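Data first, discussion second: the structure below is written as structure tokens.
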There are 2 protein chains.
Amino acid sequence: MASNDIHEIAEKKLASIQQRYSSRRRRLVETLERADHPLIATDIVAIDDDLPQSSVYRNLAVLESAGVVVKVLTNGDRAAFELAEELKGHHHHLVCVQCGLVLDIDVPNEVEELLDSGLAGVVAAAGFSLVGHRLDLMGRCRDCQ
Amino acid sequence: MASNDIHEIAEKKLASIQQRYSSRRRRLVETLERADHPLIATDIVAIDDDLPQSSVYRNLAVLESAGVVVKVLTNGDRAAFELAEELKGHHHHLVCVQCGLVLDIDVPNEVEELLDSGLAGVVAAAGFSLVGHRLDLMGRCRDCQ
DNA sequence: ATGAGTGCAAAGGCTTTGCATTAGG
DNA sequence: CCTAATGCAAAGCCTTTGCACTCAT
């Protein structure tokens, strides 16, 4: 995904909930774009000195409700964020159960297809409407074996 | 899974790391057993008045390192806990993206099998050893549609 | 008796919020 | 100009920890 497109989509998504694509928000998106794995709020503050805590937290919340970023799971208890699928592409996570490292990975198409088709029934039975799925593979990374 | 078995397994797992199956720990396991969905620490404190905060947090940590309970994902940012697969059986979660409700669900065997077989390659390529998988289906619950 | 486990209360750390200031339309 | 957005600092809230007490072996 070209960087231009990302910002264009972000701006559009924000506009749809009457929010501007301000300098801090753009900077936040750029920081997330550069990372190849989800970031927690304190990481972002540490990475970019020009982003005050309050801007990070407040704008992550705004970007999340606009659908520009999404929360993801780590083995820790702090919320981590990454760009939404529409900006970053659909992918899954490989989580190290020991150190908490999270990597982005792609899985075979047949798996993706089966996930969506094979599960519709279960979801409907529970009275839910399916929005998507989140698959995390748990393992031990090279350094933790 | 019979309740007796659960406590027996819990005791054994604790013993394997030189920990006792004390009254608070047993009580914690019983509370998690009764719930049909993962609980966060504050839920447990609210549900069971006889469990002080410090006991809940301290013992959840002990039970987690013993492999009696595991952390799971919700759409919030607080850690939720449930009994480990060995005590509760393998299952997945159906998460409401709006209100955060989490339900336990089973998925078809063919899906389970494909998840484990179809993904080994991707995991190995990343230098990870696969421990398991965690699949969350995201949707909107009956009340939030 | 002796160390593990517990309970209370205080400390700690991440996150949120109030308010005055700045920036964008 | 006028409202949204920002920055700082203070407040909040969940979680962790110190310490004295209790329980089990």
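We name chains A, B, ... by the order of the sequence lines, and we start the count at 1 in each one. These numbers come from a predicted model, not from an experiment.
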Between the base of C:dG13 and the side chain of A:Arg78, is there a donor and acceptor pair under 3.5 angstrom? no

In this structure, CG of A:Leu115 is separated from CG of B:Leu135 (nearest 0.5 Å) by 6.0 Å

Verify whether one side chain among B:Asn59 and B:Arg24 offers a donor that lies under 3.5 Å from an acceptor in the other.
no

To the nearest angstrom, the CG-C1' distance between A:Leu60 and C:dT16 comes to 13 Å

Fill in: Presence of donor-acceptor pair under 3.5 Å, side chain of B:Ser54 and base of C:dC8
yes

Do B:Tyr57 and B:Leu63 belong together in a cluster built from hydrophobic side chains that touch within less than 4.5 Å? no

B:Gln53 CD to C:dA10 C1', in whole Å, measures 12 Å

Subject >> Under 4.0 angstrom between B:Ser55 side-chain N/O and C:dG7 OP1 or OP2 >> reply: yes

When rounded to whole Å, the CG to C1' distance for the pair A:Asp49 and D:dG7 reads 15 Å

- Verify whether one side chain among B:Glu82 and B:His37 offers a donor that lies under 3.5 Å from an acceptor in the other. no

Within residues 20-30 of chain A, those residues having any heavy atom closer than 4.0 Å to DNA chain D are A:Arg20, A:Ser22, A:Arg24, A:Arg25

Taken to the nearest whole Å, CZ/B:Phe81 to P/D:dT15 is 9 Å

Whole-Å distance, A:Tyr57 OH to D:dC8 P, equals 16 Å

Note to self: Please confirm whether the shortest side-chain N or O distance from A:Gln19 to OP1 or OP2 of D:dA5 is below 4.0 Å.
What the structure shows: yes

Taken to the nearest whole Å, CG/B:Leu14 to P/D:dA24 is 16 Å

Less than 4.0 angstrom between a side-chain N/O of B:Asn59 and OP1 or OP2 of C:dT6, yes or no? yes

Here the distance between atom C1' of D:dA4 and atom CZ of A:Arg58, to the nearest Å, is 11 Å

Per salt bridge (Lys or Arg N to Asp or Glu O under 4.0 Å), B:Lys13 is matched among B:Glu86, B:Glu8, B:Glu64 by B:Glu86

Rounded to whole Å, CD1 of A:Ile40 lies from C1' of C:dG13 at a distance of 12 Å

Open item on the list: Is the ring pair A:His92/A:His133 parallel, tilted or perpendicular, if the boundaries are 30 and 60 degrees?
Closed with: parallel

Note to self: What I want to check is whether the side chains of A:Glu85 and A:His91 have a donor and an acceptor closer together than 3.5 Å.
What the structure shows: no

>> Students often get this wrong, so: under 4.0 angstrom with heavy atoms, is A:Ala41 touching a base, only sugar-phosphate, or nothing?
In response: sugar-phosphate

